[in-house]
Amino acid sequence: MRDLILLAVLVACIPISFLKPYIGIYVWYWIGFMNPHRFTYGFMYSFPVAMGVGAATIAGSFLVRRKAPLLRSPEMVILLILAALFTVNTLFALFPSAWKEWDTTIKVLIMTFFTVVLIDTREKLRYLVIVTVVSIGLVAAKGAIWGMFTSAQYRLWGPAGSFLEDNNSMALALNMLLPIALFLAKTEPKRMARLFFFGMFLCCMFSVFLTYSRGGLLGLVAVISMLVYRARRNIWLMLATVAVFGTILAFIPSHWYDRMKTIQTYEQDESAQSRLQTWGFAWELALDRPLTGGGFEGFRANPSDKNPHSIYFGILGEQGFIALGFFIALLISCQLSLGRMEREAKRRPELRWYGDLAAMLRISLIGYMVSGAFLNLQYFDFFYLVVGFVAIMRYLLPREPVPSEAAEPVRARRPVRWGPERAPQTTG
């Protein structure tokens with residue numbers, strides 16, 4: 001029955017995605033993050049569910065008037081350069097099977113480009129943020145409930161066959177989602193929606209512990225520290241976050257602590273030693289092939305470990321020094337752009353929504369940069385979606401209307417609620 005229901009939903013989404021391709025973007029990321037077909041038990045489990053929606057979305061996008069210029073932001077320029085480098089490097093890859101991973105990665109980048117083109121209003125952006133949080137958040141909520149019933153004795157894994165399948169990957173995604181979920185818990189106009197997203201935030205925090213990921217723990221500490229620092233003027237939110245964090249630590253079983261202690265004794269831990277050896281292999285591979293690296297799946301040449309265990313060494317070993325430089329430039333460019341948008345929003349109260357989102361996306365990227373230093377997710381679709389968010393905001397923010405003094409009497413209706421406090425009265 002689950003298979004038939006999901007098939008009916010996806011079949012209905014294909015013509016809708018063609019006629020309104022921005023809705024196809026929502027469906028694409030819902031499938032990519034939540035992987036609903038992995039919750040079935042029949043023919044839909046391995047069905048290529050995203051293919052039809054993605055094709056309809058791309059085809060329909062050529063029939064609508066696209067307002068957002070793709071190359072308006074430096075982030076998209078860098079992303080196009082990376083896509084070109086990935087393609088050229090695959091031509092010289094060590095293994096012919098590299099084209100399979102190239103195909104997966106290029107699809108992620110192509111959909112990022114179409115996302116920037118099609119999400120051309122603030123309301124569309126808001127719904128895309130909601131889809132992202134709900135898609136991953138529901139997986140986290142399911143894991144959190146399971147963790148409470150099992151007293152957190154077992155590791156949490158993501159949907160099979162997805163970017164989130166590995167426990168470490170799941171931890172990284174949850175760390176990235178935490179600040180975005182908190183953003184919605186603050187800015188959504190309806191109180192029940194704010195409570196719902198705050199519940200998502202709590203489930204994501206608990207689920208990071210359930211992954212038993214040491215890299216995930218380091219990323220969580222970084223994210224929570226940044227959130228507490230930003231909430232230093234909101235004493236209640238700060239105390240609530242610290243209290244929840246402490247309660248989870250008291251609930252976690254002792255063998256979780258035993259695993260986390262190996263962070264301090266990495267020289268005695270076999271897994272940590274394997275990481276160091278693999279990073280050394282990545283460096284040697286890049287020195288031997290500095291322009292192209294080993295290509296996708298280049299770490300198959302490493303006899304001891306096929307996983308680079310780092311977004312930075314993963315890019316270095318597989319794509320070379322040039323691609324690593326552009327990858328780091330992309331991270332820096334996103335942080336700088338978000339910082340400028342946050343400062344601009346402080347000068348214009350009507351842009352507060354953008355400023356809050358920019359601040360949380362900066363923390364999300366910090367979670368990716370910290371956890372990613374120990375995890376193999378350099379081609380993670382969630383990261384490239386955040387890059388897309390930055391490009392969309394760079395396009396939308398300057399086009400927000402400036403309030404007019406003459407229009408002030410018209411704005412005498414009830415203000416929109418922004419969290420526990422009301423937003424400042426604006427004009428226009």
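- Trp102 and Thr87 are linked by a side-chain donor-acceptor pair at a separation below 3.5 angstrom, with hydrogens and angles left out of the test.
- With rounding to the nearest 0.5 angstrom, the OG1 atom of Thr278 is 10.0 Å from the CG atom of Asn376.
- Taking every heavy atom of both residues into account, Arg155 and Asn167 meet most closely at NH1-ND2, 3.8 Å.
- Between the side chain of Ser364 and the backbone N or O of Met360, no donor-acceptor pair lies under 3.5 Å.
- No side-chain heavy atom of Ser337 sits less than 4.5 Å from a side-chain heavy atom of Met393.
- Residues Leu218 and Ser371 are not in side-chain contact: their nearest non-hydrogen atoms beyond the backbone lie 4.5 Å or more apart.
- Side-chain atoms of Ser135 never come within 3.5 Å of backbone atoms of Met34 as a donor-acceptor pair (strictly under, hydrogens ignored).
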Self-check item: Verdict with supporting geometry, Leu220 and Leu174, side chain to side chain contact (heavy atoms under 4.5 Å, CB included)
Solution: CA-CA 9 Å; Leu220 179 63; Leu174 295 175; over 6 Å; no
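- The shortest non-hydrogen separation linking Leu85 to Ala323 is CD1-CA, 3.9 Å.
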Self-check item: Verdict with reasoning, Tyr212 to Trp157, per ring-ring contact (aromatic ring centres under 6.0 Å, His included)
Solution: CA-CA 10 Å; Tyr212 282 68; Trp157 306 83; over 10 Å; no
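- Each of Trp353, Phe389, Tyr354 was scored for a ring pair (Phe, Tyr, Trp, His ring centres under 6.0 Å) with Phe183, with one residue passing: Trp353.
- At distances below 3.5 Å, at least one donor-acceptor pair connects side-chain atoms of Asn89 with backbone N or O atoms of Gln319.
- Formation of a donor-acceptor pair under 3.5 Å by the Arg289 side chain with backbone atoms of Gly320 is not found in this model.
- Annotation: the span from Leu375 atom CG to Ser310 atom OG amounts to 8.5 Å, rounded to 0.5 Å.
- Of the possible polar contacts, none joining the Ser207 side chain to the Cys204 backbone as a donor-acceptor pair under 3.5 Å is found.
- Side-chain atoms of Thr115 and Tyr29 form a donor-acceptor pair, as typed in the model, at a separation below 3.5 Å.
- Here the side chain of Asp288 pairs no donor or acceptor atom with the backbone of Glu284 at under 3.5 angstrom.
- Under the 6.0 Å cut-off for aromatic ring centres, Phe383 and Phe327 qualify, their centroids lying closer than that.
- Residues Leu217 and Phe209 approach most closely at CD1-CE2, 4.3 Å, considering heavy atoms.
- Around CH2 of Trp146, the count of heavy atoms belonging to other residues, nucleotides or ligands within 6.0 Å exceeds 12.
- No more than 12 heavy atoms of other residues, nucleotides or ligands lie within 6.0 Å of CZ in Phe326, so this atom counts as exposed by the packing criterion.
- In terms of heavy-atom proximity, Phe313 sits nearest to Pro308 at C-CB, 4.4 Å.
- Within the model, atoms CE of Met200 and CG of Leu182 stand 14.0 Å from one another, a figure rounded to the nearest 0.5 Å.
- Sparse packing is recorded around CE of Met51, with 12 or fewer heavy atoms of other residues, nucleotides or ligands lying under 6.0 Å away.
- A donor-acceptor contact shorter than 3.5 Å is absent between the side chain of Asp120 and the backbone of Val117.
- Using a cutoff of 4.0 Å between basic side-chain nitrogens and carboxylate oxygens, Arg230 and Glu342 are scored as salt-bridged.
- The ring pair (Phe, Tyr, Trp, His ring centres under 6.0 Å) check on Phe296 picks up Phe86, Tyr379, with sequence neighbours excluded.
- Although no hydrogens or angles enter the test, the distance criterion places no donor-acceptor pair under 3.5 Å between the side chain of Ser73 and the main chain of Ala391.
- Within the 4.5 Å cutoff, the side chain of Ile224 has heavy atoms near those of the Val228 side chain.
- Taking 4.5 Å as the limit, some side-chain heavy atom of Phe33 sits within range of a side-chain heavy atom of Asp381.
- In terms of heavy atoms, Ile366 sits closest to Ala222 at CG2-CB, 4.4 Å.
- Using a distance-only test at 3.5 Å, with no hydrogens or angles considered, a donor-acceptor pair links the side chain of Thr211 to the main chain of Val208.
- Taking both residues in full, the closest heavy atoms of Gly147 and Leu210 are given as CA-CD1, 3.8 Å, listed atom of the first, atom of the second, then distance.
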Would you tabulate the side-chain donor-acceptor contacts of residues 328-335 under 3.5 Å, counting partners in other chains and residues two or more places apart, or write 'none'?
{"residue": "Ser333", "atom": "OG", "partner": "Glu75", "partner atom": "OE2", "Å": "2.7"}
{"residue": "Gln335", "atom": "OE1", "partner": "Arg362", "partner atom": "NE", "Å": "3.3"}
{"residue": "Gln335", "atom": "NE2", "partner": "Arg362", "partner atom": "O", "Å": "3.2"}

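- Side-chain contact between Gln378 and Glu318 is present, with heavy atoms from C-beta onward closer than 4.5 Å.
- With contacts defined as side-chain heavy-atom distances shorter than 4.5 Å, the pair Trp28/Thr57 does not qualify.
- Remark: Tyr127 OH is loosely packed, at most 12 non-hydrogen atoms of other residues, nucleotides or ligands lying under 6.0 Å away.
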Quiz prompt | Stepwise side chain to side chain contact (heavy atoms under 4.5 Å, CB included) check, Phe92 with Leu291 | solution = CA-CA 10 Å; Phe92 302 94; Leu291 299 181; over 6 Å; no
Exercise. Take Tyr368 and Asn175 through the test side chain to side chain contact (heavy atoms under 4.5 Å, CB included) and record every step on the way to the result.
Key: CA-CA 7 Å; Tyr368 177 73; Asn175 283 332; over 6 Å; no
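- Of the charged side-chain nitrogens involved, none lies within less than 4.0 Å of a carboxylate oxygen, so that Glu400 and Arg348 do not count as a salt-bridged pair.
- Residue Ile180 holds its CD1 atom at 7.5 Å from CG of Leu385, rounded to the nearest 0.5 Å.
- Taking the six-membered ring for Trp and thresholds of 30 and 60 degrees, Phe374 and Trp279 have ring planes inclined between 30 and 60 degrees apart.
- Between Glu101 and Thr90, every side-chain heavy-atom pair lies at or beyond the 4.5 Å cut-off.
- Using modelled atom types, one finds no donor on one side chain facing an acceptor on the other under 3.5 Å when comparing Thr187 with Arg126.
- For the pair Met369/Tyr312, a side-chain contact is recorded, criterion being any heavy-atom separation below 4.5 Å from C-beta on.
- Summarising the geometry, atom CG belonging to Leu351 is positioned 5.0 Å from atom CG belonging to Leu397; distances are rounded to the nearest 0.5 Å.
- Using modelled atom types, one side-chain atom of Thr112 and one backbone atom of Val108 make a donor-acceptor pair closer than 3.5 Å.
- Rounded to the nearest 0.5 Å, atoms CG (Leu361) and CG (Asp356) are 11.0 Å apart.
- Taking the six-membered ring for Trp and thresholds of 30 and 60 degrees, Phe382 and Phe380 have ring planes more than 60 degrees apart, a perpendicular arrangement.
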Self-check item: Intermediate values then yes/no, side chain to side chain contact (heavy atoms under 4.5 Å, CB included), Lys124 and Tyr26
Solution: CA-CA 9 Å; Lys124 291 178 182 177; Tyr26 302 153; 3.5 Å; yes
